[in-house]
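Notes to accompany the following structure.
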Amino acid sequence: MATKLKVLVVGGGGREHALCWALARSPSVGEVICAPGNAGIAEVARCVPVKADECVQVADLADAENVDLVVVGPEGPLVAGLADLLQARGRAVFGCSRAAAEIEGSKTFAKELMARHSIPTAAFGAFSQLPEAELFLDELMRAEGAERVVIKADGLAAGKGVVIAGGLAEAKSELRKMLAGETVGDAGRRVIIEEFLDGREASLMALVDGERVAPLVPAEDHKTVFDGDTGPMTGGMGVVSPTPVMSDLEVARAVREVLEPTARGLAAEGRPFRGLLYAGLMLTRRGPKVLEFNCRFGDPETQVLMARLDEDLGLLLHAVATGRPVERVRFSERAAVCVVMTAPGYPGGYPTGIPIAGLDAAARVDGVTVFHAGTRRDGDRIVTAGGRVLGVTAVGEDVDDARARAYRAVDAITFQGAHFRTDIGRRSP
Ligand code: AMP
Ligand code: GLY
């Protein structure tokens, strides 16, 4: 490439910090701009105070800076049509169209798409009326003898719209609350009731352009807030990659049975996907089944994947954005572990503005990069500005080594009420 790429990254969380960090290290990239970014991103990119979901302002910024590539981090702007707007203005964009983003924006759409294309997933029903929903619940739990059932809000709920209920009474009460808008507001006025799947969970992401699918390495997220997979669901408390949960054979099977038919199905239905397709999978005894699709990089999965990536990220994303094929994405053999530090109270309400100490000491631990999720600069201090605050990420020879380094760095960081799980990467294979 004759001239170096000028790239605009949209978003301001841990995922975007990891993307900006990897882009800034890419030989093909000359400059990284981030809107709006955060205190950590400001160390590797030029931050501009434009919010990610202000689509017109983002597009205006891309024009004013005449960037060569826009990389969209969060799902909100994709669901709102940011990629379409940028493309209409002639910009290369890594991020899918509004039509394709429905795979994340509407769980009903995703489930029905899977049904139409025989993509393995849990049995389900979609409802907006309580009586019909209760009938379906009764049938699933009484007739089929299921002990647990899953109730999901149809709309976007930042990873918090899923309840696993342990019996009919609990299921009915959760259902009533969600449909009444009491759990996650309007996102829950339509719900999916789903068969409970037993197995091990893994996240598998791929660069997708129409029918072309280039898988990344799998990662294992830890979704609940407390150790031992207990407590309420969050957006993700920590990630490990590689994961013993998913073998190379299982990855190949999931590409064949899930990612490729999904890409083909979307293309056949006139919604070709261009960007990052994320499959949340349950690896059951009967093969991989889809828990959810996301239309963007996972957070915090991206933090560990960028730490292991053995490629020029700028070249990869630019290739997808301009319709050039990507054959294979290489990752180092080393392991990476990300431990998320959160504000007290998360995933419920939490305070912000808490000063953070020890970031420099943490960054000095060999192999460690501290990705900022919810932080901002306040004078010469860095303070918390979100629920998930930091993604402390380490690479090592193997998972144990990476885990030890990550927790050494976590121990160096202090802020009042800081919470993190102590068991990321410690589960038995
Ligand atoms: P989702 O947002 O749909 O991925 O759901 C969030 C989390 O809820 C998943 O990561 C799983 O841990 C759990 N979950 C969702 N659906 C099911 C299911 N059908 N069976 C078991 N666990 C589930
Ligand atoms: N870590 C889960 C997600 O990005 O949705």
Side-chain angles (χ1 to χ4, degrees), residues 11 13-16 18-19 73-76 78-79 101 103-111 114 120-126 140-141 144 146-166 171 174 178 183-184 187-188 191-205 216 218-225 229-241 243 245 276-284 286 288-305 338 340 342 347 371 373 387-388 391 421 424:
R15 163 186 51 215
E16 288 77 23
L19 292 172
E75 63 278 13
L78 293 169
V79 170
I103 198 162
E104 174 166 4
S106 164
K107 285 194 188 283
T108 310
F109 172 79
K111 293 295 284 191
M114 287 187 263
T121 188
F124 74 102
L140 195 66
M141 301 200 78
E144 307 213 348
E147 283 167 16
R148 284 178 283 188
V149 70
V150 186
I151 301 170
K152 300 185 178 185
D154 181 55
L156 290 178
K160 296 171 209 158
V162 176
V163 179
I164 297 174
E174 290 294 345
M178 201 176 277
T183 328
V184 285
V191 302
I192 305 278
I193 299 175
E194 213 174 81
E195 164 200 12
F196 177 82
L197 295 175
D198 214 2
R200 310 209 75 197
E201 249 185 281
S203 314
L204 184 62
M205 300 190 263
L216 310 185
E220 186 183 356
D221 192 7
H222 297 65
K223 296 248 164 111
T224 64
V225 73
D229 295 331
T230 57
M233 291 285 182
T234 71
M237 293 297 292
V239 171
V240 180
S241 176
T243 163
V245 168
L276 191 290
L277 182 61
Y278 167 127
L281 299 172
M282 189 68 89
L283 304 168
T284 72
R286 292 159 67 199
K289 295 199 180 197
V290 176
L291 290 171
E292 65 165 347
F293 282 118
N294 294 325
C295 63
R296 38 84 192 163
F297 279 101
D299 188 346
E301 285 89 341
T302 303
Q303 287 81 318
V304 295
L305 260 56
C338 170
V340 173
T342 72
F371 292 119
R388 287 192 290 180
R421 278 179 62 157
I424 306 301

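Numbering starts at 1 and runs along the sequence shown. In listed order, ligands and their atoms are each counted from 1.
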### Task
Measure Val162 to ligand 1 on non-hydrogen atoms and call it side chain, backbone, both or neither using the 4.0 Å cut-off.
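Answer for Val162: side chain.
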### Task
Among Thr224, Thr234, Thr230, find the one that has a side-chain hydrogen bond (donor to acceptor under 3.5 Å, both in side chains) with Arg421.
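Output: one option passes, namely Thr224.
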### Query
Which atoms of ligand 1 are found less than 4.0 Å from any heavy atom of Phe196?
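In order of number, 20 (N), 21 (C).
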### Task
Using a strict cut-off of 4.0 Å, indicate which atoms of ligand 1 neighbour a heavy atom of Glu194.
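So the atoms of ligand 1 that pass are 16 (N), 17 (C), 18 (C), 19 (N).
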### Query
Using a heavy-atom cut-off of under 4.0 Å, does the side chain or the backbone of Val239 touch ligand 2, or both, or neither?
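Near ligand 2, Val239 shows nothing, with every heavy atom at 4.0 Å or more.
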### Query
Hey, is ligand 2 close enough to Glu301 that some N/O pair sits below 3.5 Å?
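Right, the criterion is met.
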For residues [X] and [Y], determine if any side-chain heavy atom of one lies less than 4.5 Å from a side-chain heavy atom of the other.
X      : Y      : value
Met237 : Thr342 : yes
Lys152 : Phe124 : no
Val239 : Ile424 : no
Glu16  : Phe297 : no
Leu276 : Leu216 : yes
Glu301 : Asp221 : yes

### Query
Has the side chain of His222 got a donor or acceptor atom that lies under 3.5 Å from a matching backbone atom of Gly238?
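Side chain of His222 to backbone of Gly238: a pair is present.
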### Query
Any idea which protein heavy atom is nearest atom 3 (C) of ligand 2, and the distance to it?
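Residue, atom and distance for the closest contact: Arg296 NH1, 3.5 Å.
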Ligand-residue contact atoms, ligand 2 with [X], heavy atoms, under 4.0 Å:
X      : value
Gly235 : 1 (N), 2 (C)
Gly298 : 4 (O)
Asn294 : 3 (C), 5 (O)
Asp221 : 1 (N), 2 (C)

### Task
Measure across Cys295 and Ile103 and return the closest heavy-atom pair with its distance rounded to 0.1 Å.
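Heavy-atom minimum between the residues: CB-CG2, 4.2 Å.
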### Task
Return yes when Phe297 approaches ligand 2 closer than 4.0 angstrom through a heavy atom, no otherwise.
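In this structure, Phe297 fails to qualify as a contact of ligand 2 - no heavy atom is under 4.0 Å.
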### Gly236 heavy atom under 4.0 Å from ligand 2
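Contact check Gly236 vs ligand 2: negative.
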### Task
Tell me, please: is Lys107 in heavy-atom contact with ligand 1, that is, under 4.0 Å?
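Yes, Lys107 has a heavy atom closer than 4.0 Å to ligand 1.
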### Query
Hey, mind stepping through Asp299 and Arg388 against side chain to side chain contact (heavy atoms under 4.5 Å, CB included) and telling me if it holds?
CA-CA 10 Å; Asp299 188 346; Arg388 287 192 290 180; 4.0 Å; yes
### Candidate with minimal heavy-atom separation from atom 15 (C) of ligand 1, of Lys152, Glu292, Met282, Lys223
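Nearest option to atom 15 (C) of ligand 1, by heavy atoms: Lys152.
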### Task
Would you tell me which option among Met233, Lys289, His222, Glu195 has the nearest heavy-atom contact to atom 7 (C) of ligand 1?
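Residue with the shortest heavy-atom distance to the ligand atom: Met233.
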### Message
Between ligand 1 and Val150, is the shortest N or O to N or O distance under 3.5 Å?
### Response
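It does not: no N or O of Val150 is found under 3.5 Å from an N or O of ligand 1.
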